[in-house]
Amino acid sequence: MATTHVNGHPLDEGFHVLHTAYPTVQRWINVASLNAKAMDNCTVTLNPKTGRKRLLGDALRSPKYLLPTLRSVGVGDGLRFLKWRLGTTAKDLERPLGQKSPSIAVGLQQRRFAPSTQRVLSTLFAGITLDPSLSERLSFADFTWGAMSHGKMVVPSGGIAAVPQQLARRLKNAHIHLNAPVTEVGATSVAVGEVQHTFDRVVLAVPQHVAAALLPSSASDHLPIERRTSTVVFEASRPPFKQPRLLLNESWGEPNNDVLHVHVPTNLHPHPEGKHWIVATLVGPAADNPDLRAVQDELKAWFGDQANGWSYVTTTTVRHALPHIHPDHHERTLPDIEIEGVVLVGDHRTHPSVQGALVSAERALEHMGIPLPGGVA
Ligand SMILES: Cc1cc2nc3c(=O)[nH]c(=O)nc-3n(C[C@H](O)[C@H](O)[C@H](O)COP(=O)(O)OP(=O)(O)OC[C@H]3O[C@@H](n4cnc5c(N)ncnc54)[C@H](O)[C@@H]3O)c2cc1C
């Protein structure tokens with residue numbers, strides 16, 4: 001959850017929202033103090049060839065989205081959406097993760113959505129899992145669907161990094177060493193290059209590929225497959241659209257269609273100088289060194305001549321963005337908390353989300369007999 005700053009204004013590295021429905025977010029994060037604002041609970045898709053837009057929204061929470069959604073997907077898929085939503089429960093969002101599940105790629109076909117709806121859902125979940133092959137479990141998609149249905153998707157005014165920064169501020173009597181890559185771990189030892197440290201307990205809370213390198217037996221069947229994403233950011237005096245929502249590419253994956261979605265973060269948290277940022281997101285191989293000119297040409301097809309006047313701001317890239325959990329794993333968590341005496345924490349022990357990362361931290365606390373805090377600080 002990283003945020004950079006461009007001329008003093010925060011810019012998230014990759015599109016990232018905080019789901020207020022996550023039980024761990026309710027336990028650990030003081031959302032009110034983040035000055036966060038919510039994205040619209042709908043997505044708009046664009047066919048770049050025809051310019052046609054379609055809206056998919058949560059009609060149970062926003063009845064104004066009912067007719068546009070039915071116009072977009074038809075009554076049959078509208079009912080399939082409703083069934084999907086009614087199958088989720090706010091009381092236990094993670095319930096699907098404990099059940100047998102195909103991959104998202106296979107599962108979306110089994111649910112018999114019309115091909116055009118399937119295409120939109122495939123693109124949406126490629127964006128959420130940062131995996132064009134949709135190898136993640138469908139049960140994870142169900143978990144995400146539940147989180148979207150039962151809460152808001154918010155972005156803090158200081159960017160998504162404000163979330164871990166808030167957690168860090170609550171640490172008392174702790175030393176945090178930044179830019180100190182750990183090179184070896186043991187049950188009571190941590191090496192940073194030549195320097196050895198000794199501790200009572202060691203908790204390893206690093207990304208999956210780093211854990212696999214430092215503690216190879218932690219990987220077992222869940223070998224890391226790198227997921228990556230880039231955003232290419234442009235600046236304009238006027239936004240191409242005014243709402244805080246994603247504009248999803250219906251032709252994503254076809255030739256010259258690398259941009260998966262576009263959003264305008266300054267629609268949510270205005271830029272102090274009244275400028276607008278247009279953020280184009282790419283995933284998978286397309287995220288490796290994105291071709292700036294090709295991206296801008298794509299956006300010209302989306303938005304017309306106005307894109308000619310946009311100036312380039314920056315590109316962000318996140319490597320090793322999310323863990324890979326074996327698709328045949330049908331449990332909420334991976335069984336081992338401790339391996340070779342080292343306590344393991346991170347989204348790769350559960351599922352690729354903030355909820356997954358915090359659940360794994362709670363599980364480690366419980367394992368070490370440390371009580372969970374009673375509520376938000
Ligand atoms: C672009 C993007 C968008 C996302 N969007 C969402 C979303 O909308 N909703 C959602 O729920 N989840 C989302 N996620 C997933 C979520 O952010 C992660 O699952 C979660 O942050 C993982 O937390 P973690 O503590 O397991 O790992 P990390 O946050 O990756 O923490 C691991 C830490 O280990 C450090 N480290 C690495 N190597 C070493 C080393 N050798 N020595 C010491 N330290 C090391 C790293 O610097 C890092 O600080 C998104 C992720 C990305 C990348």
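One-based numbering, in listed order, for ligands and for the atoms of each. Throughout, numbering of the chain's residues begins at 1 and tracks the sequence.
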Quick one: do the Asp142 and Trp84 side chains pair a donor with an acceptor below 3.5 Å? yes
Is any side-chain N of the basic residue among Lys100 and Asp328 closer than 4.0 Å to the acidic one's carboxylate O? no
Strictly distance-based, threshold 3.5 Å: is any side-chain N or O of Thr45 a donor or acceptor partner for the main-chain N or O of Leu248? no
Of the side chain and backbone of Ala205, name the one, both, or neither that has a heavy atom under 4.0 Å from an atom of ligand 1. backbone
Tell me yes or no: between the side chains of His330 and Ser139, is some donor less than 3.5 Å from an acceptor? no
N/O separation below 3.5 Å, Gln355 to ligand 1: no
Regarding atom 26 (O) of ligand 1: of the candidates Val283, Leu358, Asp347, which has the closest heavy atom? Asp347
Exercise: do Gln355 and Glu94 side chains pair donor with acceptor under 3.5 Å: yes
For a quick check under 3.5 Å, do Asn41 and Asp58 share a side-chain donor-acceptor pair by atom type? no
Dump the intermediate steps for salt bridge (Lys or Arg N to Asp or Glu O under 4.0 Å) on Asp77 and Arg111, then the final yes or no. CA-CA 10 Å; Asp77 279 355; Arg111 289 200 177 158; over 6 Å; no
Within the 4.0 Å heavy-atom shell around Val182, which atoms of ligand 1 are there? 40 (C), 41 (N), 42 (N), 43 (C)
Identify, for atom 15 (C) of ligand 1, the protein heavy atom at the shortest distance, and state residue, atom and that distance. Leu322 CD2, 3.4 Å
By number and element, which atoms of ligand 1 are closer than 4.0 Å to a non-hydrogen atom of Gly14? 1 (C)
Taking distance alone, with no angle check, do Tyr22 and ligand 1 share an N/O pair under 3.5 Å? yes
Which one of Ser353, Ala2, Ala361, Ala321 has a non-hydrogen atom at the shortest distance from atom 53 (C) of ligand 1? Ala321
Within a distance of under 4.0 Å, is there any protein heavy atom near atom 32 (C) of ligand 1? yes
What do you reckon, are the aromatic ring centroids of Trp277 and His9 less than 6.0 Å apart? yes
For atom 9 (N) of ligand 1, what is the closest protein heavy atom, and at what distance to 0.1 Å? Val17 O, 3.5 Å
What protein heavy atom lies closest to atom 3 (C) of ligand 1? Include the residue and the distance to one decimal. Phe15 O, 3.2 Å
Identity and distance of the protein heavy atom lying nearest atom 23 (O) of ligand 1: Ala357 CB, 3.5 Å
Using the rule side chain to side chain contact (heavy atoms under 4.5 Å, CB included), only one of Arg119, Lys53, Lys49, Arg54 pairs with Glu250; which is it? Arg54
Does one side chain, of His367 or Glu338, offer a donor that lies under 3.5 Å from an acceptor on the other? yes
Tell me whether Val210 has any N or O atom under 3.5 angstrom from an N or O of ligand 1. no
Nearest protein heavy atom to atom 49 (O) of ligand 1: under 4.0 Å? no
Numbered atoms of ligand 1 (with element) below 4.0 Å of Gly346, judged on heavy atoms: 26 (O)
Backbone of Leu138 reached by a side-chain donor or acceptor of Ser101 within 3.5 Å: yes
Can you tell me if Pro207 has a non-hydrogen atom under 4.0 Å from ligand 1? yes
Under 3.5 Å between any N/O of Val354 and any N/O of ligand 1: does that happen in this structure? yes
Looking only at side-chain N and O atoms, does Trp28 offer a donor or acceptor that is under 3.5 Å from a partner on Glu362? yes
Selection from His16, Met1, Gln208 by shortest heavy-atom distance to atom 52 (C) of ligand 1: His16
Atoms of ligand 1 less than 4.0 Å from Val206 heavy atoms? 32 (C), 34 (O), 36 (N), 39 (C), 44 (N), 45 (C)
Looking at His19, which atoms of ligand 1 are within less than 4.0 Å of one of its heavy atoms? 9 (N)
So, for atom 29 (O) of ligand 1, does the protein have a heavy atom nearer than 4.0 Å? no
